S.K.: 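Attaching a single structure in structure tokens format; questions to follow.
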Amino acid sequence: MRKRLLSYDTETTGLYTWRGHKIFSYSVCNPVGKSTVHRLDGPWERERHNIKYLENIWSDKSLAKIMHNAKFDINMTENCLGRDLSDHKFHDTWLQACILQNHHPSNDLKSLGYELAGISVEDEDAVKPFLSYPRGYQDCPEYLMDRYQHIDAERAMLLHLFFHPKILENKNFVEIYKMERDLVLATMRMERRGIMLNKSVSVKMALEIQIDCNKLKLDFEAATGQRGIITSPKKLSWYLYKKMNYPSLKKTKEGDSVDKNTLMQLQEIVNDPCIEMILKHRSWQHGISMLNSYLELADGQGIIHPNIKTCGPDTAREACSKPNLQNVTKAGVLLNPYAISARKAFRPRPGYVNFHLDYSGIEMRILVHYSGEKYLINIIRNKGDVHVPATEIFYCDRMPWGSDFQTLRGAAKNANFAIPYGSGAPKLAKILNITLEQAHQRYTIYKCKFLRLCGLIDTIGREVGEQGYVLTIFGRRLYVAKPHAGVNYKVQGSAAGIIKRAQVRVARFLQETTGDEVQILLPIHDEIIIECSRKRLRDFYEILPKIISLMVDFPQLSVPLEVDIKVTTTNWDDKKKINKTWR
DNA sequence: ATAGGTAGCGCG
DNA sequence: AAAGCGCGCTACCTAT
């Protein structure tokens, strides 16, 4: 039987349903290339007719709708029709492209249309001049929009006809594509739900720090006699290395570096209070800017609705923007004593509790899995500390350990990652704070003990050299530009595959068991944040073991996975561990 | 005014 | 030859 397909593309008054943006027109195209445009504005008769047709399209569940970035169009359409459309069959050509060509410079609709079918972007260029803020596509002349919409619908259909057969050729790709589509729907709900900013706390923090920051700037100017240089890397570089004649410890592309690490090392040598002021000012200014940007992006209730890109990064990870909630500053990071914890400005919704479920050491586990190192596999299986052997080897002269064991272990842990990712002895010496000679010597010992782990960089590098890509544990193909990055791609990509599947499973399970009172809010690479209504707390604790089992069930791994659980009723930074580990 | 590059920094 | 990698965002600076 012939597949029933229709490509579908919406034009909206903006990007955000939560800001009231709506569909004002849509276009469709059938598999033989006949496209039509349907405006929902203008003459009343036309609008009525086109709404009815929209209803028709989205009443037929077995008619597969093809979109490029389905998360956007489905969200807008659900908003327009006022009902759930998640049981509709759909395709997403963006996902298809990302799965098939992760490293492609741009998998957007227009570029691919041009590349694969020579469709020019002239239609887009024609509407562009009408888009300057605050105007949008709805303000473009209809005849120009018409052409643009026709072509966009045709582009999407074309891409599907080109890419989908290539997905079907590979059994793993079929599973990955299915999973990615499920993830799109789960993610759409996360974005819609959003995460709550504590507006009053944000404002208060930003204002207070601003005052301190202004004062600090004046102090710096008084101390150095230089004005307007504290925020400028270029001018700081001149001041420190030319005027003060301090030694340059690190170069950038065009000059001497004044980054945090370099300045802290310089401080060890010259002990100039100005350096501390620079670092303080930078951290504080960063905190202020980020807090203000969060405030600007929050809706009337203080909810932030980020854009979570489920597919697109070269390693098949997810990414988050507007704002990026995957890099919100936290307190207690050793490397930056002056950090402003913006996480303190995020809170659970009133009446809710937030749980943070994070995989403990997932990258290391995957590395060990791929290395096949029996010794390390057994440590993990027996719930031991996989970083102890490295600590023992690299700090053999500081045995037995004193009170600073955690510091040494932390450095050894960094080395454990750096080595399989291709770091050499010089880098190790820096990480571990030992001499180059010691680094060479102990690296040799490490290599003897963990030959296969150290060999990954070569074996996987060869894999890249021969075929241009690596495979993840799910058989996902990741093209890699630089062979030495192959190990990282394999590990990041496999970890990404795990947490993506975990989200799909958990989201489905939560929807089935709790309706909408317990929901996933956000993934952060090795962690998912779940909010739970206080009314359902008892139930949640009951189903927690089931959630964890869904998260760790990956038989393709030779090592077990573990999940740490933290909880907060106040703010993101004050989350507390609620139990040992679950597995 | 706007665009693009670089540096720097946050998270994983 | 030697190399950890992936993202997004702000600020500064230069060029158009």
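Worth saying up front: this structure is predicted, and the values here are computed from it rather than measured.
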S.K.: Starting at atom NZ of A/K280, determine the distance to atom C1' of B/dG8, rounded to an integer number of angstrom.
M.R.: 20 Å
S.K.: At under 4.0 Å, does any side-chain N or O of A/N336 touch on OP1 or OP2 of B/dG10?
M.R.: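 A/N336 to B/dG10 OP1/OP2: side-chain N or O found under 4.0 Å.
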S.K.: Ignoring backbone atoms, test whether A/H484 places a side-chain nitrogen or oxygen under 4.0 Å from the OP1 or OP2 oxygen of C/dA1.
M.R.: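 Indeed not, no polar side-chain atom of A/H484 lies that close.
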S.K.: In terms of side-chain heavy atoms of A/K235, which of C/dC9, B/dC9, C/dC13 is nearest?
M.R.: C/dC13
S.K.: Ring-plane angle category for A/F417 and A/H387, please: parallel below 30°, perpendicular beyond 60°, tilted otherwise.
M.R.: tilted
S.K.: By nearest atom, which of the nucleotides B/dC11, B/dG10, C/dC12 is closest to the A/R343 side chain?
M.R.: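 Taking heavy atoms from C-beta onward, the closest nucleotide is B/dC11.
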S.K.: What I want to check is whether the side chains of A/D108 and A/S111 have a donor and an acceptor closer together than 3.5 Å.
M.R.: yes
S.K.: State whether A/K253 places a side-chain N or O below 4.0 Å from either non-bridging phosphate oxygen (OP1 or OP2) of B/dT6.
M.R.: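 Yes.
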S.K.: Could you tell me how far apart A/N261 (CG) and B/dG8 (C1') are, to the nearest whole angstrom?
M.R.: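 Atom-to-atom, A/N261 to B/dG8, this comes out as 11 Å.
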S.K.: So if I take every side-chain heavy atom of A/K330 and compare against B/dC9, C/dG4, B/dC11, which nucleotide ends up nearest?
M.R.: B/dC11
S.K.: So, OP1 or OP2 of B/dC9: does either fall under 4.0 Å of a side-chain N or O from A/R282?
M.R.: yes
S.K.: Tell me whether the OP1 or OP2 atom of C/dG6 has a side-chain N or O from A/Y489 closer than 4.0 Å.
M.R.: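 Answer yes for this pair, as a side-chain N or O of A/Y489 is under 4.0 Å from OP1 or OP2.
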S.K.: Provide, to the nearest angstrom, the distance between the CG atom belonging to A/D573 and the P atom belonging to B/dG10.
M.R.: 14 Å
S.K.: Output yes when at least one side-chain N/O atom of A/K234 is less than 4.0 Å from OP1 or OP2 of C/dA11, else no.
M.R.: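 Checking C/dA11 against A/K234, no side-chain N or O comes under 4.0 Å of OP1 or OP2.
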S.K.: Side chain of A/S293, heavy atoms from C-beta onward: which of C/dG4, C/dT10, B/dC9 has the nearest atom to it?
M.R.: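 Closest nucleotide to the A/S293 side chain: C/dT10.
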S.K.: Is the shortest side-chain N/O distance from A/S423 to OP1 or OP2 of C/dA3 below 4.0 Å?
M.R.: no
S.K.: Within the pair A/K427 and C/dG4, is there a side-chain N or O less than 4.0 Å away from OP1 or OP2?
M.R.: yes
S.K.: Between atom CG in A/L297 and atom C1' in C/dG8, what is the gap in whole Å?
M.R.: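 Between C1' of C/dG8 and CG of A/L297: 13 Å.
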S.K.: Check A/C140 against A/V127 and note the closest heavy-atom contact, atom names and distance.
M.R.: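 A/C140 and A/V127 have their closest heavy atoms at SG-O, 3.7 Å.
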S.K.: Of the nucleotides C/dC9, B/dC11, C/dC5, which one has an atom closest to the side chain of A/N327?
M.R.: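 Shortest atom-to-atom distance from the side chain points to B/dC11.
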S.K.: Base, sugar-phosphate, or nothing: which does A/E254 touch, judged by heavy atoms less than 4.0 Å apart?
M.R.: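 The answer is sugar-phosphate, as A/E254 gets under 4.0 Å only of primed atoms, P, OP1 or OP2.
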S.K.: CD of A/E363 versus C1' of B/dC11: gap in Å, rounded?
M.R.: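 About 12 Å, once rounded to whole Å.
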S.K.: Looking at every strand, decide which applies to A/V487 at a 4.0 Å heavy-atom threshold: base, sugar-phosphate, or nothing.
M.R.: nothing
S.K.: Measure the OG-CD1 distance between A/S423 and A/I457 for me, rounded to the nearest 0.5 Å.
M.R.: 9.5 Å
S.K.: Between B/dG12, C/dC7, C/dA3, which one does the side chain of A/D526 approach most closely?
M.R.: B/dG12
S.K.: For A/V491, which contact category applies under a 4.0 Å heavy-atom criterion: base, sugar-phosphate, or nothing?
M.R.: nothing
S.K.: Ignoring backbone atoms, establish whether A/K260 has a side-chain N or O less than 4.0 Å from OP1 or OP2 of B/dA7.
M.R.: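 A/K260 to B/dA7 OP1/OP2: no side-chain N or O under 4.0 Å.
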S.K.: With distance as the sole test, does A/Q519 use its side chain to make a donor-acceptor pair with the main-chain N or O of A/I530 at under 3.5 Å?
M.R.: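 A pair under 3.5 Å: no.
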S.K.: Can you tell me how the ring of A/W18 sits relative to the ring of A/H305, calling it parallel under 30°, perpendicular over 60° and tilted otherwise?
M.R.: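 Parallel: the ring planes of A/W18 and A/H305 meet at under 30°.
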S.K.: Kindly say if A/T329 contacts the phosphate of B/dC11, meaning a side-chain N or O under 4.0 Å from OP1 or OP2.
M.R.: no
S.K.: Counting just side-chain N and O atoms, does A/T315 come under 4.0 Å of either OP1 or OP2 of C/dC5?
M.R.: no
S.K.: Which nucleotide sits closest to the side chain of A/T252: C/dG4, B/dG8, B/dG12?
M.R.: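 Closest of the options to the side chain of A/T252: B/dG8.
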S.K.: Give a yes/no answer on whether the side chain of A/S232 brings an N or O atom under 4.0 Å of OP1 or OP2 in C/dC13.
M.R.: yes
S.K.: Distance check needed: B/dC11 P versus A/I529 CD1, whole Å only.
M.R.: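 Nearest whole value for this atom pair: 14 Å.
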S.K.: Taking atom types as they are modelled, is there a donor-acceptor pair under 3.5 Å from the base of C/dC5 to the side chain of A/Q492?
M.R.: yes
S.K.: Measure from the side-chain heavy atoms of A/K482 and tell me the nearest of C/dG6, C/dG4, C/dC9.
M.R.: C/dG6
S.K.: Just to confirm, is there a sub-4.0 Å distance from OP1 or OP2 of B/dC9 to any side-chain nitrogen or oxygen of A/S283?
M.R.: no
